[in-house]
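See structure below.
Every chain is numbered from 1, with letters handed out A, B, ... down the list of sequences.
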Amino acid sequence: MHDDPLLADLTEPQRQAVLHTEGPLLILAAAGSGKTRTLTRRIAHLVRTGVRPWQILALTFTNKAAAEMRARVESLLGEGGTRGMVLSTFHSLCARLLRRHAQAAGLAPEFSIYDTDDQTAVMKKVVESLGLSAANFPPRSMLSAISNEKNQLRDAAAFAAVANDFYSRTVAKVFTAYERALRAAQAVDFDDLLVLTAKTLRAKPEVLADCQARWRYILVDEYQDTNHAQFVISSLLAGGSALDASAPGIHPASDAPNICVVGDPDQSIYAWRGADISNILDFERLYPSARVITLGENFRSTAPILHAADTLIRRNVRRKHKDLFTKMPGGDPVEVVLCESERHEASLVLDWLRERRQDESPPVAWSRMAVLYRNNSLSRVIEDSLRAGGVPYVIARGTAFYDREEVRHALAYLRMLANPADDASLSRIVNVPPRGLGDATITTLETAASARGVPLLRHMSTPGAADALNPRARAAVAKFVSLVEGWTGGGTFWADGHAESAPGSLAELVGRVIRESGLEAMYAARAKGAETDEARLENLSELVSSARQFEEEFDPEGDPALAAPQDGRDGPAGGNLAAPPMLALLRAFLESVALVADADAADPSLGAVTLMTLHAAKGLEFHAVAIIGAEEGLLPSARARATDEAVEEERRLMFVGITRAMRRLLVTSARYRTVRGLTERQVPSRFLAEMGVRASERHDPFGGLDDESDFTPTAASRPAHAGAGRAEPRFRAGSKVRHPQFGVGTVLSATAGANARVQVDFRDVGVKTLVLEYARLEPLA
DNA sequence: GTTATCAAGTTTTTT
DNA sequence: ACTTGATAAC
């Protein structure tokens, strides 16, 4: 047995985790402890011992993690070895389950998934329709309040029941109206995917039985980042009969299902969106017989890196300490550098990465290096520097492509076709490009539609509906309706494939929508001079290619929502073929597009340095890692500084960043950073000292700060003048000035007051607007 | 109805 | 700095 290749080169705890196949198992896996290796071996081991692949359900945090796990299991089992196995994110699993069991869930099978933008649009209308002011009830905070409730599986009624003060009662009304608006549009938001799945599993025994019959081995990765809804879903699927909606609290389950969860409380970084570390504790309470295995030995990082991580994380009070240790000797010291400005920081990082390239021979691939930051806005300066320095880089922003205006427009057309009740998508594109269906017309139609209780598109295609409009608008409505019918084959949405005009492939449909809607012509017309519109056209054709690719790879058999085989043959049986094939294909495409995450885009096969947020870096590793912007207010973030709990989460985030590094780690902070156009004095992060590494200070050779006394903050550190407005304007239109970074220039205009700004045309870098107080501008004679 | 210009708010982090 | 929302001109 011990020469089983699946067990070779595993440590004792890893081996035990692999061999524990029956009954609940909790794996506490420290950073870099070979977690993925253990999990993939365990899955392969299950299959080797006779478990059918389709009986295995593995839930991960990102699509990328799921894909990677599948690839690694497949390399252990051989090609096709994972056939029927479901490896997906919670959200995609739930989306598929809800489609399959749409009726039981109380949804139409063509439901749309609304992203943050769509949610905001719906919420704005809701707030408005309730006669509330958007200032007192900002759509964004309404949404986040509601999201918190949903993560706890509390619905609008439950929230209303405990809402005592005026504010909460109002929020409860908003909550109710928001839910109604979503359902009217046949739409769900991200949270609903989880909420409605949990609800359906609880309320519909036949659905639960269906799932439990199929999946006999359940595995949940990144368990420390699951929220309550995800906890309930995984417990129910595993057979947690004790989990009852009417019974608050966790009660031990009588049986011992085959559920394996893996997590590390020190890497919990999603509490802000409802993740609950206590799910790990609750796991042991729910399954008292659970075996707990700790993976502590680190195989990833050198001793100095690990020591810094350990020294830092020990500062967290709410924490069960576990030792991080490595048997690897030596290693270069961790570098902490205090820079002058963000530009200085960026050029320093560029140099550092170039040095790291020479760490090995042949040179270290760029793809083995990463730059990590707390929030996305920090990427820009680094980008500029890497581009100027000729170092290839990619920004891990998976959603970026689908976030682009032109792509979102095209997708809105498609979503409207997939779900004719999707009013949010319809109103997004009904007048894009302008076709005479402006606000006034749409408002009239919307009012009539909601009076009749039908979706807007349905109303528009009803004969006579546009009669109340002026002839011009009436013609525009008719034209739009016939445009849509041309794509769907006449209002029936491909029901019987009888329409000759209907497209035959997904790529064809996408292409036709882009062309016939006028989107293409609109951007082509604007593309004359503007480079960005040229790029928009390319993105649109890229969307067609991605549809074609999706179509080629689409495997209806791979749908995790399929039931278990009835007759013991391999492969899931049955299928959800109720929808016409084209419509099913379109829905699946839109769903895959809706559920991509930033972390999904980190593709190490590209020969480029990866730039990403600390959150997106979870689960990855690199030869060299640079963490930038280690400053108070950034990391920890300004918001987090209010509570100790939040600071501890930021510390864990820093810990996650540090432990991504295998060999080399650089952490930088800048003394001055331009945030939202204002250059501000920054204080190095407390985490720097807490890492136990001595920081070195560097001066910026190109920063022009050789004569420091000239630039020490003046107005910034001095109280404002008592006699306001009397100060002599040192800068007015026409005066020559010098800026430490931008060089010399001429003032174009200046404003007075507390936040006095000057607009300066710099000789080298063009026109900039600066806030006088912070800009360290020097007048030239 | 459409387009241009200006003021205001905005930034954590993600499915 | 940058996008979004409101108002005014076309």
Side-chain angles (χ1 to χ4, degrees), chain A residues 59-66 88-95 113-117 119-121 124 134-135 138-140 144 147 150-151 188-195 222 225-227 229-230 268-275 372-381 396-399 402-403 405 431-443 469-470 472-473 476 526 591-601 612-618 629 633-641 646 649-650 652-654 656-657 674-679 757 767-771:
Chain A
L59 295 169
T60 59
F61 218 65
T62 61
N63 294 303
K64 183 171 167 277
S88 84
T89 64
F90 266 102
H91 290 265
S92 357
L93 174 76
C94 290
I113 300 170
Y114 275 11
D115 64 20
T116 321
D117 265 25
Q119 291 184 63
T120 314
K124 273 183 192 150
R140 276 186 66 107
S144 88
S147 176
K150 288 187 175 183
N151 286 332
V188 301
D189 62 23
F190 286 129
D191 298 321
D192 284 336
L193 291 172
L194 305 176
V195 170
E222 308 285 11
D225 285 328
T226 53
N227 61 29
Q230 291 165 324
S268 159
I269 53 175
Y270 285 100
W272 55 272
R273 72 169 206 216
L372 310 181
Y373 35 80
R374 179 68 227 293
N375 61 278
N376 281 305
S377 64
L378 292 183
S379 71
R380 174 162 250 124
V381 219
R397 290 228 65 198
T399 55
Y402 297 107
D403 270 348
E405 173 196 298
N431 203 30
V432 179
R435 48 168 74 91
L437 292 169
D439 285 349
T441 308
I442 293 304
T443 309
L469 303 168
N470 64 50
R472 251 172 88 150
R526 294 195 341 206
E591 186 174 296
S592 75
V593 162
L595 298 176
V596 292
D598 284 356
D600 294 336
M612 66 182 143
T613 65
L614 287 160
H615 280 90
K618 191 175 66 160
L634 234 42
L635 180 62
S637 81
R639 289 198 183 188
R641 287 189 291 184
E649 175 148 319
E650 298 285 306
R652 290 193 293 270
L653 193 53
M654 181 77 183
V656 166
T674 305
V675 186
R676 283 209 289 279
L678 300 186
T679 301
R757 289 164 196 251
V767 178
K768 302 253 177 211
T769 301
L770 306 162
V771 171

For nucleotides 3-10 of chain C, list the nitrogen or oxygen atoms of the protein found under 3.5 Å from its nitrogen or oxygen atoms, one pair per line.
unit_1 : atom_1 : unit_2   : atom_2 : d
C/dG5  : OP1    : A/Lys124 : NZ     : 2.5

Heteroatom pairs (N/O) under 3.5 angstrom, protein to nucleotides 1-5 of chain B:
unit_1 : atom_1 : unit_2   : atom_2 : d
B/dG1  : OP1    : A/Thr441 : N      : 3.1
B/dG1  : OP1    : A/Thr441 : OG1    : 2.1
B/dT2  : OP1    : A/Gly436 : N      : 2.8
B/dT2  : OP2    : A/Asn431 : ND2    : 2.9

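Among the protein residues, A/Asn376 comes within range of the sugar-phosphate backbone only, with heavy atoms under 4.0 Å from sugar or phosphate atoms but none that close to a base.
If you take CZ of A/Arg140 and P of B/dT10, they are 8 Å apart, rounded to a whole angstrom. A straight line from CG of A/Leu634 to P of B/dT11 spans 15 Å, rounded to a whole angstrom. One can place CG of A/Leu635 at 15 Å from C1' of B/dT11, the figure rounded to the nearest angstrom. Here the P atom of nucleotide B/dT14 and the CD atom of A/Gln119 are 15 Å apart, to the nearest Å. Between the NE2 atom of A/His91 and the C1' atom of B/dT14 there is a distance of 8 Å, rounded to whole Å.
Salt bridge status for A/Arg641 with A/Glu650: absent, with no side-chain N to carboxylate O gap under 4.0 Å.
Every residue meeting the salt bridge (Lys or Arg N to Asp or Glu O under 4.0 Å) condition with A/Glu591, not counting sequence neighbours, appears here in chain and number order: A/Arg96, A/Arg99.
The aromatic ring of A/Trp272 sits over the base of B/dT13, with ring centres less than 5.5 Å apart and planes inclined by under 30°.
C/dT4 and B/dT13 have their P atoms separated by 15 Å, given to the nearest Å.
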